[in-house]
Amino acid sequence: MFTACLPIKTRRVIIKPMIEFPKDFLWGAATSAYQVEGDNFNSDWWQWEKTRPGIVSSGAACRHYQYFREDFALAKSLGHNSHRFSLEWARIQPEPDKFSDDQLNHYVRAIDSLRSLGIEPVVTLHHFTNPLWFSKIGGWENPQAWQYFLAYAQKVIQALCGKVKYWVTINEPMVYAYYSYLIGDWPPQKKSPAMANKVINNLVEAHIRTYRLIHSFYKKNKLIDPSVSIAQSMIAFVACQKSLRNNLAVYLRNRVFNFRLIEQLSRKKCLDFVGMNYYTRHLIDTRGWSWEELLGNTCTKKHDTLPKNSLGWEIYPQGLYDLMVALKKYKLPVFILENGICCDDDQLRWEYIRQHLKKVHEAMDRGIKVIGYLYWSLLDNFEWDKGFAPRFGLCAVDYSDYKRIPRDSAKKLAQVASNGLLEE
Ligand code: BGC
């Protein structure tokens, strides 16, 4: 039989290479109480905002205090299986000798709500803000600061212990000391290296004591092993041009800002994982040998090669990889507790997330154990002294009616979270 040979139209199926994350990987987003809850009028920031001309007030923020259930349901719908948030110390302990069961119960309800959705809570005890009474007695400059903090931590641990595995004691101790005590942009606006150092030491002491308290409490009550850390801000320091002085500046900044606390706390066996917050790189171009130059000077030349977020921070995913690899020697799992971008272009947001996730995966290939990746932030929110203009959220917030609108990037991340697969 004769069959005509007809050309067959073939459709080319392009199979895009995918990278795969482990099944037990934690996916989610992070927030902090003061930036989303609203009406934290017992906190030092609230008071400070009111007295600073030109500083936007946090006011109702995102009204997350009222809408936490809806927000957690939204996170669930976006495929999140983990969520980091902080407790507002000033709510829980409004006066030195008074704890509020009502407020503690609010956070118990928040955690129950997360758990009922199958979302693993990651609880931060301190995220930049303090009770007003605490700031009036010297805040973190007070040599007894850690004792006050420990009393608060104890109350919280008693109330939440069986419900929480992942604890973050202090968010970004170095960043807090830097902005509040070294360059004086944030309350209490001190500008003293000696003071900043004292504050860091008190924060470290608070962490160590709290770490031990959590562990002993869980052990005594035969609870699952807790996992406790700080959230360490890490910046990729890169010399603008190689020179002995610039290399020295890179080395010193890595030691002081990125690794000092991790080194110290891991030596004391007070870290169960490295909580890592990563956003950007700083280019360094020192012009002298003074400490100010070596530790403080950034490059002012125009290097417009990398895209930037709306605050002008460079997007540099390679830095995340390099820092993660540098953490390998501590032999601790890494948990990305914050990584995110503020921008008006949501495609750029997705590219940012994708590129950083690729670097996380690359680091995993190099043998770094990673617990999870939490994007900063679930919602657009109050960006401290920058007010509400920077938009970091996976979900846009319309501040006129507090509606949350998931962005496309949130949906794309949801897809990755649902099957652990990311397009290369
Ligand atoms: C802080 C957040 C802040 C974010 C973006 C982090 O350093 O923990 O509170 O909103 O950076 O600036």
Side-chain angles (χ1 to χ4, degrees), residues 28-38 40 43-46 48-49 55-58 61-62 64 83-90 122-130 166-183 185-187 200 203 207 229-237 257-258 261-262 274-282 308-316 319-320 323 335-344 348-349 352-353 356 373-397:
T31 62
S32 90
Y34 197 82
Q35 294 177 270
V36 293
E37 282 182 350
N40 273 314
S43 303
D44 55 352
W45 259 85
W46 186 271
W48 181 75
E49 282 162 19
I55 292 283
V56 176
S57 293
S58 52
C62 304
H64 175 71
H83 182 75
R84 176 177 172 223
F85 69 104
S86 74
L87 314 181
E88 193 66 19
W89 180 6
V122 179
V123 176
T124 306
L125 291 170
H126 185 272
H127 197 123
F128 297 158
T129 53
N130 302 297
Y166 292 103
W167 294 92
V168 177
T169 55
I170 316 272
N171 182 66
E172 301 186 341
M174 300 301 290
V175 171
Y176 175 70
Y178 180 82
Y179 282 112
S180 294
Y181 291 90
L182 193 64
I183 63 165
D185 279 359
W186 292 356
I200 292 166
L203 290 165
H207 168 79
S229 189
I230 54 170
Q232 173 66 26
S233 157
M234 302 197 86
I235 295 168
F237 295 112
F257 298 117
N258 286 336
L261 300 190
I262 295 171
V274 177
M276 179 176 185
N277 295 357
Y278 176 81
Y279 289 87
T280 188
R281 91 171 164 182
H282 284 180
K308 298 184 175 64
N309 75 8
S310 63
L311 288 169
W313 307 352
E314 284 187 329
I315 300 170
Y316 186 62
L320 177 59
L323 287 162
F335 197 165
I336 310 294
L337 296 177
E338 288 182 30
N339 174 242
I341 177 171
C342 55
C343 57
D344 299 323
L348 181 62
R349 186 183 326 279
Y352 180 99
I353 296 173
H356 283 83
Y373 172 90
L374 305 182
Y375 176 81
W376 182 270
S377 176
L378 177 64
L379 307 171
D380 288 340
N381 61 46
F382 177 70
E383 177 56 23
W384 306 112
D385 54 335
K386 309 288 182 305
F388 289 98
R391 299 280 184 157
F392 275 96
L394 287 174
C395 303
V397 174

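Both counts, for ligands and for their atoms, begin at 1 and track the order of listing. On a predicted model such as this, the values are computed, not experimentally measured, just so you know. Just the heavy atoms: all of them, side chains too, but no hydrogens, waters or symmetry mates, feed the values below.
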### Task
State if Asn171 counts as touching ligand 1 under the rule of any non-hydrogen atom under 4.0 Å.
yes
### Task
Using the test side chain to side chain donor-acceptor pair (under 3.5 Å), find all partners of His356 that sit at least two apart in sequence or belong to another chain.
none
### Query
Any chance the side chains of Asn339 and Tyr352 put a donor and an acceptor closer than 3.5 Å?
yes
### Query
Going by the order shown, which atoms of ligand 1 are within less than 4.0 Å of some heavy atom of Glu172?
1 (C), 6 (C), 7 (O), 8 (O)
### Message
Looking only at side-chain N and O atoms, does Trp186 offer a donor or acceptor that is under 3.5 Å from a partner on Asp385?
### Response
yes
### Task
May I ask you to check whether Ser32 has an N/O atom sitting below 3.5 Å from an N/O atom of ligand 1?
no
#### Entry: Lys386 heavy atom under 4.0 Å from ligand 1
no
### Message
Please list the nearest protein heavy atom to atom 1 (C) of ligand 1 with its residue and the distance rounded to 0.1 Å.
### Response
Glu338 OE1, 3.4 Å
### Task
May I ask you to identify the nearest protein heavy atom to atom 3 (C) of ligand 1, giving residue, atom name and distance to one decimal place in Å?
Glu383 OE1, 3.6 Å
### Task
Look at the rings of Trp89 and His126 and say which category their plane angle falls in: under 30° parallel, 30 to 60° tilted, over 60° perpendicular.
perpendicular
### Query
Gln35 heavy atoms, cut-off 4.0 Å: which ligand 1 atoms fall inside?
2 (C), 3 (C), 9 (O), 10 (O)
### Task
Let me see the working for Asn171 and Tyr176 under side-chain contact (heavy atoms from CB on, under 4.5 Å), right down to the final yes or no.
CA-CA 8 Å; Asn171 182 66; Tyr176 175 70; over 6 Å; no
### Task
Using a 4.0 Å heavy-atom cut-off, say whether Tyr179 meets ligand 1 through its side chain, its backbone, both or neither.
neither
## Note on the structure
Taking only non-hydrogen atoms of His127 and a 4.0 Å limit, the atoms of ligand 1 in range are 1 (C), 2 (C), 8 (O), 9 (O)
### Query
What do you reckon, are the aromatic ring centroids of Phe335 and Tyr166 less than 6.0 Å apart?
yes
### Query
Among side-chain atoms of Tyr279 and Glu338, is any donor-acceptor pair under 3.5 angstrom?
yes
## Note on the structure
In this structure, atom 11 (O) of ligand 1 is nearest to the protein heavy atom Tyr279 OH, 3.4 Å
### Query
What do you reckon, are the aromatic ring centroids of Trp384 and Trp45 less than 6.0 Å apart?
yes
### Query
What do you reckon, does Trp384 have a nitrogen or oxygen under 3.5 Å from a nitrogen or oxygen of ligand 1?
yes
### Task
Would you mind listing which atoms of ligand 1 come within a distance below 4.0 Å of any non-hydrogen atom of Phe128?
1 (C), 9 (O)
